[in-house]
Enquirer: 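Structure provided below as C-alpha cells; questions to follow.
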Amino acid sequence: MKTLLLIPSVLKRDISDAVAGDAHPRMDYFALADSLRQRGADVSFLDYGALEESGASVPPLVRLVKRIAGRDAALAVFGAVRSRGADALFTNGENVGIPLALLLRALYPFGRRPGHVTIGHRLSTGKKRFFFRTLGLHREMDTIFVYATTQETHSREHLGIPFGKIKRIAFHADDTFYRPSEEADTESAPTNLVSAAGLEWRDYPTLLSAAARMPQVSFKLAAASPWSKHSDETQDRTLPENVAVRRYEYGELRQLYAQSAVVAVPLYENDFQAGVTTMIEAMAMGKPVIVTQTTGQTDVIKHGENGVVVPPNDPDAWEREIRRLLADGKERRRLGENARAWVNQNATLDRWTETIAAAICSSGSRS
C-alpha cells in the first residue's frame with residue numbers, strides 16, 4: 001500500500017543520531033511512518049521543504065499556488081498531484097486536509113479516490129462550517145481525528161460529520177524521552193522552581209502577576225514554540241526578578257521539567273487542546289501540572305487526581321495552588337505518579353501512531 005504523508009512543517013531529517021543518543025524525542029511523523037512500514041506500507045513524505053526543492057521535482061502549479069495562497073495550499077496541491085500513485089493520504093491538520101479534500105473531489109468525481117485520514121486540531125472556527133456543513137467535505141475524508149471532546153461534539157452537532165467518521169484520541173508525548181528522572185524526583189525536586197513552556201494561547205501575564213507575589217519562588221519560562229503563531233507576551237514587559245525567560249532545546253527542556261517541582265500551563269479561554277504538548281510532556285515525566293480550566297481542556301487533567309486546574313485570569317488561584325504544592329512534597333509525588341500513569345494508559349507516542357496507522361491502512365484498503 002503506497003501511503004503519502006503530508007506534514008505542514010519542515011521534516012527534521014538529521015536527528016536519528018540524537019534520538020538514538022537520547023538527546024531528542026522521536027518525531028511523531030517518523031514514528032507514524034515506522035508503524036506504517038511495519039504494516040507493509042510503502043511510505044513517502046511531502047513537507048514544506050519539498051516545496052523549496054529545485055528543478056522539475058516541484059510542478060509549476062505548486063510553485064504558483066505557493067506564491068499566491070501560501071505553503072499549506074501548495075502542499076495540498078502537491079499532494080493532489082501525487083495522489084494518482086497513492087492508496088492512502090494522511091494530512092496532519094485541517095489547514096492542509098481541507099484544501100486537499102476539495103482537490104480530491106475535483107480529481108475523483110466518481111469515487112475510487114485514495115483513502116484520506118486527517119487530524120482536525122480546531123474545527124470549530126466559523127469558516128470551517130462552510131466546508132463541512134455546506135460542502136460536505138467530510139465525504140473526502142475517511143477518518144477525522146480530534147483531540148478534544150469539545151471538537152468532537154461540535155463536529156457532530158454543528159458540522160454534520162457522521163458519528164463513525166469523527167474520532168477523539170489523546171495527544172501524545174514520546175514517553176521514552178520524557179520520563180521520570182532518577183536524579184530529580186517530584187518529591188525531592190527543588191521546592192522553589194516552577195516552569196512553564198510553549199506559546200499557544202498562553203496567558204503568561206496572569207502567571208507573571210502571581211509570580212511577582214512569590215519572590216522566593218523561581219520561575220523559568222520556555223516561552224517558545226515551533227508551531228504556534230501566537231506572540232510571546234513575556235516580551236516588551238518588565239519581568240519580576242524571580243522570572244527568567246529563554247528558549248530551551250529539547251534536552252534542556254527535559255532537564256527543566258526534571259528540576260521543576262511544578263509545571264504551569266496558563267491559558268486564555270479556548271475551545272480546543274491548547275497547551276496539551278507541555279501538559280503531556282510534563283505528565284510523562286511524573287510532574288504535577290497546574291493548568292487553566294478552559295472550555296477545550298477537559299480531557300487530560302482531572303482536578304485533584306492527576307493535576308490541578310485553576311480558573312481563567314485568576315492570579316490569586318495560581319498563587320494559592322503553587323504555594324500549596326510547593327509546601328507538600330507527598331501531594332506533588334501523588335499527582336505526578338498519577339499523571340505518568342495516565343500518559344502510559346492514554347497518551348504514549350506508540351499508542352498514537354498505532355491508532356493513526358490503523359486508520360490509514362483501513363482507508364487505503366477501501367480506495
Side-chain angles (χ1 to χ4, degrees), residues 9 25 93 95 121-122 124-125 147-148 150-151 170-173 178 193-214 217-240 242-250 252-257 259-285 287-301 303 307-322 325 339 347:
S9 65
N95 51 331
H121 295 277
R122 192 182 184 195
S124 55
T125 57
Y147 293 126
T150 51
Q151 294 299 305
F171 197 68
H172 58 273
Y178 296 106
L193 177 58
V194 175
S195 65
L199 282 180
E200 188 79 358
W201 291 80
R202 292 303 195 275
D203 181 12
Y204 283 127
T206 293
L207 182 63
L208 293 174
S209 179
R213 306 175 187 182
M214 296 178 280
V217 179
S218 175
F219 289 78
K220 294 185 178 181
L221 312 184
S225 170
W227 320 110
S228 177
K229 297 179 181 179
H230 283 71
S231 60
D232 179 1
E233 291 195 341
T234 66
Q235 294 183 345
D236 302 322
R237 67 171 63 232
T238 301
L239 300 176
N242 59 327
V243 176
V245 180
R246 70 175 180 87
R247 180 182 293 273
Y248 287 74
E249 299 300 328
Y250 283 106
E252 294 178 313
L253 181 61
R254 181 175 62 178
Q255 183 178 15
L256 177 63
Y257 288 146
Q259 294 173 343
S260 299
V262 174
V263 176
V265 186
L267 298 171
Y268 290 113
E269 168 59 24
N270 68 85
D271 63 354
F272 68 113
Q273 284 276 27
V276 71
T277 301
T278 299
M279 291 164 58
I280 295 182
E281 289 173 351
M283 292 170 71
M285 295 196 66
K287 295 297 173 176
V289 173
I290 305 177
V291 62
T292 307
Q293 180 68 74
T294 65
T295 301
Q297 274 299 354
T298 62
D299 299 302
V300 178
I301 296 294
H303 181 67
V308 174
V309 298
V310 295
N313 192 30
D314 191 341
D316 292 339
W318 275 102
E319 179 186 6
R320 180 177 63 251
E321 294 300 334
I322 289 173
L325 289 183

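Because only heavy atoms are used, hydrogens play no part in the values below, and waters and symmetry mates are left out as well, while side chains stay in. What you see is a predicted model, and the numbers here were worked out from it, not measured in a lab.
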Enquirer: How long is the straight-line distance from CG of Asp203 back to CG of Leu267, given to the nearest 0.5 Å?
Expert: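 It comes to 8.0 Å.
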
Enquirer: Would the distance check show the side chain of Asn242 and the main-chain N or O of Met214 forming a donor-acceptor pair, the cut-off being under 3.5 Å?
Expert: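 Checked: pair present.
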
Enquirer: Between CE of Met283 and OG1 of Thr278, what distance do you get to the nearest 0.5 Å?
Expert: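 Between atom CE of Met283 and atom OG1 of Thr278 there are 12.5 Å.
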
Enquirer: Can you see which heavy atom on Ala211 is nearest to which on Val243, and at what distance?
Expert: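 Smallest heavy-atom distance, with atoms named: CB-CG2, 3.8 Å.
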
Enquirer: Between His303 and Val309, is there a donor-acceptor pair closer than 3.5 Å when you use the side chain of the first and the backbone of the second?
Expert: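 Yes: the side chain of His303 pairs with the backbone of Val309.
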
Enquirer: Ile301 versus Met279: any side-chain heavy-atom pair under 4.5 Å?
Expert: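 Heavy-atom side-chain distance check passes, below 4.5 Å.
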
Enquirer: Within this structure, what is the OG-CG distance for the pair Ser209 and Asp316, rounded to the nearest 0.5 Å?
Expert: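 So the OG of Ser209 and the CG of Asp316 are separated by 8.0 Å.
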
Enquirer: Tyr268: what forms a ring pair (Phe, Tyr, Trp, His ring centres under 6.0 Å) with it, not counting sequence neighbours?
Expert: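 By the ring pair (Phe, Tyr, Trp, His ring centres under 6.0 Å) rule, Tyr268 matches no residue at all.
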
Enquirer: Answer yes if the side chains of Gln297 and Thr292 hold a donor-acceptor pair under 3.5 Å, and no otherwise.
Expert: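 Note: Gln297 and Thr292 side chains miss the donor-acceptor criterion.
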
Enquirer: Going through the checks in order, is the side chain to side chain contact (heavy atoms under 4.5 Å, CB included) test met by Gln293 and Val310?
Expert: CA-CA 6 Å; Gln293 180 68 74; Val310 295; over 6 Å; no

Enquirer: side-chain contact (heavy atoms from CB on, under 4.5 Å) with Ile290: which of Val194, Val265, Leu325?
Expert: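 Filter result, single survivor: Leu325.
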
Enquirer: Before you tell me yes or no, could you show the steps for Ile322 and Phe219 under side chain to side chain contact (heavy atoms under 4.5 Å, CB included), namely the whole-Å CA-CA distance, both residues' side-chain angles and the distance that decides it to 0.1 Å?
Expert: CA-CA 11 Å; Ile322 289 173; Phe219 289 78; 3.9 Å; yes

Enquirer: Pair His121, Phe272 - check ring pair (Phe, Tyr, Trp, His ring centres under 6.0 Å), show working.
Expert: CA-CA 7 Å; His121 295 277; Phe272 68 113; 8.3 Å; no

Enquirer: So, for Leu256 and Ser260, which heavy atoms are closest and what is the spacing to 0.1 Å?
Expert: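 Shortest heavy-atom contact: O-OG, 2.6 Å.
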
Enquirer: For residues 269-278, which residue pairs qualify under salt bridge (Lys or Arg N to Asp or Glu O under 4.0 Å), counting only residues two or more places apart or in two chains?
Expert: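 Listed once each, the pairs are Arg122-Asp271.
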
Enquirer: Can you name the closest pair of heavy atoms from Leu253 and Ala197 and give their distance?
Expert: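 That closest heavy-atom pairing would be CD1-CB, 4.1 Å.
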
Enquirer: Quick one: closest heavy-atom pair of Ala173 and Tyr178, and the distance?
Expert: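 Of all heavy-atom pairs spanning Ala173 and Tyr178, the closest is CB-CD1, 4.5 Å.
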
Enquirer: Decide whether a cation-pi geometry holds between Arg246 and Tyr248; the criteria are a distance under 6.0 Å from NZ or CZ to the six-membered ring centre and an angle within 45° of the ring axis.
Expert: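 So Arg246 does make the cation-pi contact.
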
Enquirer: Quick check: does any side chain N or O of Glu252 sit under 3.5 Å from a backbone N or O of Glu249, one acting as donor and the other as acceptor?
Expert: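 Looks like yes, one N/O pair under 3.5 Å.
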
Enquirer: Where is the tightest heavy-atom contact between Ala347 and Phe171, given as atom of each residue plus distance?
Expert: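 Heavy-atom minimum between the residues: CB-O, 3.1 Å.
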
Enquirer: Could you go through Arg202 and Leu207, starting from their C-alpha distance and side-chain angles, then the distance that decides it, and tell me whether this counts as side chain to side chain contact (heavy atoms under 4.5 Å, CB included)?
Expert: CA-CA 9 Å; Arg202 292 303 195 275; Leu207 182 63; over 6 Å; no

Enquirer: Checking side chain to side chain contact (heavy atoms under 4.5 Å, CB included) for the pair Thr150/Thr295: CA distance, chi angles, key distance, verdict?
Expert: CA-CA 7 Å; Thr150 51; Thr295 301; 3.8 Å; yes

Enquirer: Would the distance check show the side chain of Gln273 and the main-chain N or O of Tyr147 forming a donor-acceptor pair, the cut-off being under 3.5 Å?
Expert: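 Yes; judged by distance alone, with no hydrogens or angles, the pair exists.
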
Enquirer: Measure across Ala212 and Pro240 and return the closest heavy-atom pair with its distance rounded to 0.1 Å.
Expert: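 What the structure gives for the nearest pair is CB-CG, 3.9 Å.
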
Enquirer: Nearest 0.5 Å please: distance from the OG atom of Ser195 over to the CD atom of Gln255.
Expert: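 Interatomic distance, Ser195 OG to Gln255 CD, rounded to 0.5 Å: 12.0 Å.
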
